[in-house]
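Numbering of residues begins at 1 and proceeds along the displayed sequence.
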Amino acid sequence: MKSTSEQIKTILIKRKFLLLSVITILGLSNSIKAQNIDLGLKTGLNISNFTGGDADRNSLFGFHIGGFAEFKLNETFSIQPELLYSTQGSEAENTVKVKVDYLTIPLMTKYYLSEKFSLEAGPQMSFLVNDKAKFNDSSIPDAETDASSFDFGLNLGLGYAINSNLFAQARYNYGITTVTENPDIKNSVFQISLGYKF
């Protein structure tokens, strides 16, 4: 169980992120009205692991899928909020696979180096929708984990426009908050995406 101070800390992080999102969207609303807005879908591969603790861990392969809206502020900068379903986790000491699925909300700032290439960075808020510990020994039944219902992280990545509609992205998500305590472990996810703008 989390201590009261940890619960308060999690609630404050959630509120700060939501406040930042609202301020950003409202503050840019006048600019957005005069700019292009691209809507689209994206999907791709997750290579995820946990960091922290002493266990020997292996990465798990998963996926992410969802939608986004890119608000172009000018020729160089844009804001891209996303809503994704993301399957993540890690395998501990070749005995158990811990799977955690999230509904993630990245809020990315994109800087276009050229017409084709862009750099992106921003915070991500994730809400746990499913968690499972699956043991390699089939005689041991699957079990729920004590994963936190909320995860906060930072994203850094790059994008490449294949054409006016199709694009590819590579992104790394570094977890700031802990997935579980004792030991304190955090999410670490590398993503490769393919997306389509309508």
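Here the CD-CD distance, from Glu70 to Glu120, works out to 9.5 Å after rounding to the nearest 0.5 Å. Rounded to the nearest 0.5 Å, atoms CD1 (Ile162) and NZ (Lys116) are 8.5 Å apart. Distance check: Gln169 CD to Ser118 OG gives 7.0 Å after rounding to the nearest 0.5 Å. Interatomic distance, NE2 of His64 versus OG of Ser193, reported as 2.5 Å (0.5 Å rounding). Between the OG atom in Ser126 and the CZ atom in Phe150 there is a gap of 7.5 Å [rounded to 0.5 Å]. Put simply, OG1 on Thr43 and CG on Leu194 are 8.5 Å apart, with the number rounded to the nearest 0.5 Å.
Between Phe198 and Tyr196, the two ring planes are perpendicular [angle over 60°; tilted spans 30° to 60°].
The side-chain heavy atoms of Arg171 and Pro106, taken from C-beta on, include a pair separated by under 4.5 Å. For the pair Ser90/Val98, no side-chain contact is recorded, criterion being any heavy-atom separation below 4.5 Å from C-beta on. Annotation: side chain of Asn187 is in contact with side chain of Val100 (closest heavy-atom distance under 4.5 Å). Residues Asn173 and Gln191 have side chains not in contact (no heavy-atom distance under 4.5 Å, counting atoms from C-beta outward). Between Arg57 and Ile185 the shortest side-chain heavy-atom distance falls below 4.5 Å.
In this structure, Gly195 and Leu166 approach most closely via the heavy-atom pair O-CD1, 3.3 Å. Considering all non-hydrogen atoms of both residues, Ser188 and Thr51 come closest at CB-CG2, 3.8 Å. Closest approach of Thr177 and Phe152 over heavy atoms only: OG1-N, 2.9 Å. Across Ala69 and Pro81, no two heavy atoms sit closer than the pair O-CD, 3.0 Å. Asn163 and Asn165 make their closest contact through OD1-N, 2.8 Å (heavy atoms, listed as atom of the first residue, atom of the second, distance).
Between the side chain of Thr180 and the backbone N or O of Ala147, no donor-acceptor pair lies under 3.5 Å. The backbone N or O of Phe63 sits less than 3.5 Å from a side-chain atom of Thr87, completing a donor-acceptor pair. Not one N or O on the side chain of Asp101 forms a donor-acceptor pair closer than 3.5 Å with the backbone of Asn130.
Residues Leu103 and Ile65 share a hydrophobic cluster, clusters being chains of Ile/Leu/Val/Met/Phe/Trp/Tyr side chains in contact below 4.5 Å. A continuous path of Ile, Leu, Val, Met, Phe, Trp and Tyr side chains, each step under 4.5 Å between heavy atoms, connects Ile37 with Leu41, placing both in one hydrophobic cluster. Ile176 and Ile105 fall within the same hydrophobic cluster, defined by Ile, Leu, Val, Met, Phe, Trp and Tyr side-chain heavy atoms under 4.5 Å apart, directly or through other members. A continuous path of ILVMFWY side-chain contacts below 4.5 Å connects Phe61 to Ile192, so both sit in one hydrophobic cluster. No chain of hydrophobic side-chain contacts below 4.5 Å, direct or via other Ile, Leu, Val, Met, Phe, Trp or Tyr residues, connects Leu39 to Leu84.
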Test Asp151 against Leu128 for side chain to side chain contact (heavy atoms under 4.5 Å, CB included), laying out the working first. CA-CA 8 Å; Asp151 186 66; Leu128 186 71; over 6 Å; no

For Ile79 and Thr109, what are the C-alpha separation, side-chain angles and deciding distance, and is it a side chain to side chain contact (heavy atoms under 4.5 Å, CB included)? CA-CA 5 Å; Ile79 301 294; Thr109 300; 3.7 Å; yes

What verdict does the side chain to side chain contact (heavy atoms under 4.5 Å, CB included) test give for Asn49 and Phe190, after you've listed the backbone C-alpha separation in whole Å, the side-chain angles of each residue and the deciding distance to 0.1 Å? CA-CA 9 Å; Asn49 209 331; Phe190 179 71; over 6 Å; no

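Thr178 and Asp184 share no donor-acceptor pair across their side chains, judged by distance under 3.5 Å alone. Side chains of Gln124 and Asn155: a donor-acceptor N/O pair is present below 3.5 angstrom, by distance only.
Residue pairs meeting the ring pair (Phe, Tyr, Trp, His ring centres under 6.0 Å) criterion with at least one member in residues 74-112, sequence neighbours excluded: Phe77-Tyr111. Sorted by first and then second residue, the ring pair (Phe, Tyr, Trp, His ring centres under 6.0 Å) pairs with a member in residues 155-180 read Phe68-Phe167, Phe117-Tyr160; sequence neighbours excluded.
Listed by chain and residue number, nothing satisfies the salt bridge (charged side-chain N to carboxylate O under 4.0 Å, His left out) test with Lys99 (two or more places apart in sequence, or in another chain).
Enclosure of atom NZ in Lys132 is not indicated, since only 12 or fewer non-hydrogen atoms of other residues, nucleotides or ligands lie within 6.0 angstrom.
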